[in-house]
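Residues take their numbers from the sequence shown, with the count starting at 1. These numbers come from the heavy atoms of this one structure, side chains and all, not from hydrogens, waters or symmetry mates.
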Amino acid sequence: MTHTLPERTTAAVGLPGPRVTDDRSRKHVQVREFVRSLAEGLVAGAPMPSERELVARFGVARMTVRQALDALVAEGLLDRVPGRGTFVAERREAAGGLRSFTEEMRHRQMAADSRTLHAQAGPASAGVARALGITATDQVWHWRRLRLADARPMAVEDAWFAVAALPDFDPARPPTSLFDALAARGLRPVASEDSVAADLASPAEAQQLGISRAAPVLRVARRCLAAGRPVVAARSLYRADRYTHWSRSPAEW
């Protein structure tokens with residue numbers, strides 16, 4: 001089934017396309033990057049060229065086109081609707097590189113916001129003390145926030161950091177970005193250790209995130225390091241329908 005392309009896409013398709021080399025192993029990359037260039041900047045739901053149109057345009061096998069589209073679907077850039085075609089997906093936060101939540105949302109052209117759910121200072125628990133490399137007698141802040149993207153819940157985040165790291169932290173007037181506040185004291189996180197696990201939301205978590213009970217979620221545990229030592233320990237619960245964990249290796253794409 002052929003779909004009418006939006007004006008920008010139709011215009012782009014009308015331009016001379018990139019020359020496909022004889023290296024068959026690279027053809028799906030060229031098709032993929034061409035489709036990516038069409039999709040980026042379009043609104044969610046905008047239709048993409050059909051497989052038949054791409055086969056005719058690039059002179060490649062249908063399997064090559066399907067491989068290119070599969071890669072973009074896996075990235076979360078496109079959605080497939082059986083019987084209808086391929087469309088631009090709703091923007092999802094994709095984790096790549098060490099960015100704060102605010103920076104990542106800005107990178108994804110989404111407006112970041114937060115609501116403080118809990119903020120309290122107290123002695124570090126044994127687990128937090130181990131994660132931060134401090135003693136159980138040291139004071140830490142526990143800061144829980146509902147993280148929003150385009151005014152919609154994206155995640156619930158619990159962060160722990162030493163009171164000594166941010167002695168002027170005020171829960172009544174918290175910083176927009178914890179990373180920025182740490183950077184002002186020369187402790188901007190530059191590396192992290194992460195673990196990611198799929199899970200189902202509890203009733204309370206589902207209510208906070210605005211999703212159905214037992215909806216799929218991603219649990220991310222992170223330890224952020226600055227100047228070779230840990231400065232933040234965090235646990236985040238992300239909506240799986242809005243957040244895609246994505247990484248890129250140094251290998252050529």
Side-chain angles (χ1 to χ4, degrees), residues 39-48 69-120 127-128 141-160 171 174-179 192-224 232-247:
E40 290 178 343
L42 292 177
V43 298
M48 290 290 95
L69 296 179
D70 284 346
L72 296 176
V73 170
E75 285 183 26
L77 183 62
L78 301 182
D79 278 335
R80 273 206 182 93
V81 180
R84 292 186 56 203
T86 307
F87 302 85
V88 176
E90 180 180 356
R91 291 192 302 265
R92 298 183 181 182
E93 197 288 3
L98 185 60
R99 297 188 180 101
S100 70
F101 180 84
T102 302
E103 291 167 337
E104 192 61 54
M105 293 304 100
R106 187 182 303 122
H107 177 73
R108 293 289 157 182
Q109 299 181 348
M110 302 174 81
D113 199 1
S114 297
R115 297 177 190 165
T116 295
L117 304 176
H118 172 85
Q120 184 175 353
V128 170
W141 279 105
H142 173 201
W143 189 18
R144 174 179 291 175
R145 288 176 288 175
L146 177 64
R147 313 308 301 264
L148 307 169
D150 287 347
R152 296 172 56 197
M154 175 74 82
V156 175
E157 178 187 274
D158 288 276
W160 293 266
T176 301
S177 169
L178 180 56
F179 276 29
S192 70
E193 300 168 350
D194 298 352
S195 67
V196 182
D199 201 1
L200 300 177
S202 70
E205 292 168 340
Q207 183 176 15
Q208 286 180 319
L209 290 174
I211 55 180
S212 60
R213 291 189 178 188
V217 293
L218 287 177
R219 298 186 187 275
V220 180
R222 165 172 284 188
R223 185 168 73 155
C224 300
V232 177
R235 288 201 304 257
S236 301
L237 181 74
Y238 287 90
R239 289 177 52 154
D241 63 337
R242 299 200 72 202
Y243 179 92
T244 299
H245 183 81
W246 176 71
S247 62

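The minimum heavy-atom distance linking P175 with W143 is given by the pair O-CH2, 3.5 Å. Taking each heavy atom of S212 and A206 in turn, the nearest pair found is O-CB, 3.6 Å. Taking all atoms of both residues into account, the shortest heavy-atom contact from V217 to L237 is CG2-CD1, 3.4 Å. Taking both residues in full, the closest heavy atoms of F87 and G45 are given as CD2-O, 3.3 Å, listed atom of the first, atom of the second, then distance. Of all heavy-atom pairs between E157 and S236, the closest is CG-OG, 3.4 Å.
Applying the side chain to side chain donor-acceptor pair (under 3.5 Å) test to S114 and every residue at least two apart in sequence or in another chain returns R147. A search for side chain to side chain donor-acceptor pair (under 3.5 Å) contacts involving D158 returns H142, R144, not counting sequence neighbours. A search for side-chain contact (heavy atoms from CB on, under 4.5 Å) contacts involving S100 returns T102, E103, S177, F179, not counting sequence neighbours. Not counting sequence neighbours, the partners of S202 by the side chain to side chain donor-acceptor pair (under 3.5 Å) test are E205. With sequence neighbours excluded, the residues forming a salt bridge (Lys or Arg N to Asp or Glu O under 4.0 Å) with R152 are E90, listed by chain and number. For Q207, there are no side-chain contact (heavy atoms from CB on, under 4.5 Å) partners at least two apart in sequence or on another chain.
In this structure, CZ in R222 is found 11.0 Å from CD in E193, a value given to the nearest 0.5 Å. A distance of 9.5 Å separates CH2 of W141 from NE2 of H118, quoted to the nearest 0.5 Å. Considering CG of D194 and SG of C224, their distance stands at 7.5 Å, rounded to 0.5 Å. How far OG1 of T86 is from CZ of R80: 5.0 Å, rounded to the nearest 0.5 Å.
With R145 as the partner, the side chain to side chain contact (heavy atoms under 4.5 Å, CB included) test is satisfied by one option alone out of L117, L178, D113: L178. With M48 as reference, V88 is the one residue of L77, V88, L69, L72 to meet the side chain to side chain contact (heavy atoms under 4.5 Å, CB included) rule.
Counting heavy atoms of neighbouring residues, nucleotides and ligands inside a 6.0 Å radius, atom CZ of R219 exceeds 12 of them.
Within the 4.5 Å cutoff, side-chain heavy atoms of F101 are placed close to those of M154. Residues P153 and L146 meet the side-chain proximity criterion, which asks for heavy atoms closer than 4.5 Å.
Side-chain atoms of R239 come within 3.5 Å of backbone atoms of L209 as a donor-acceptor pair (strictly under, hydrogens ignored).
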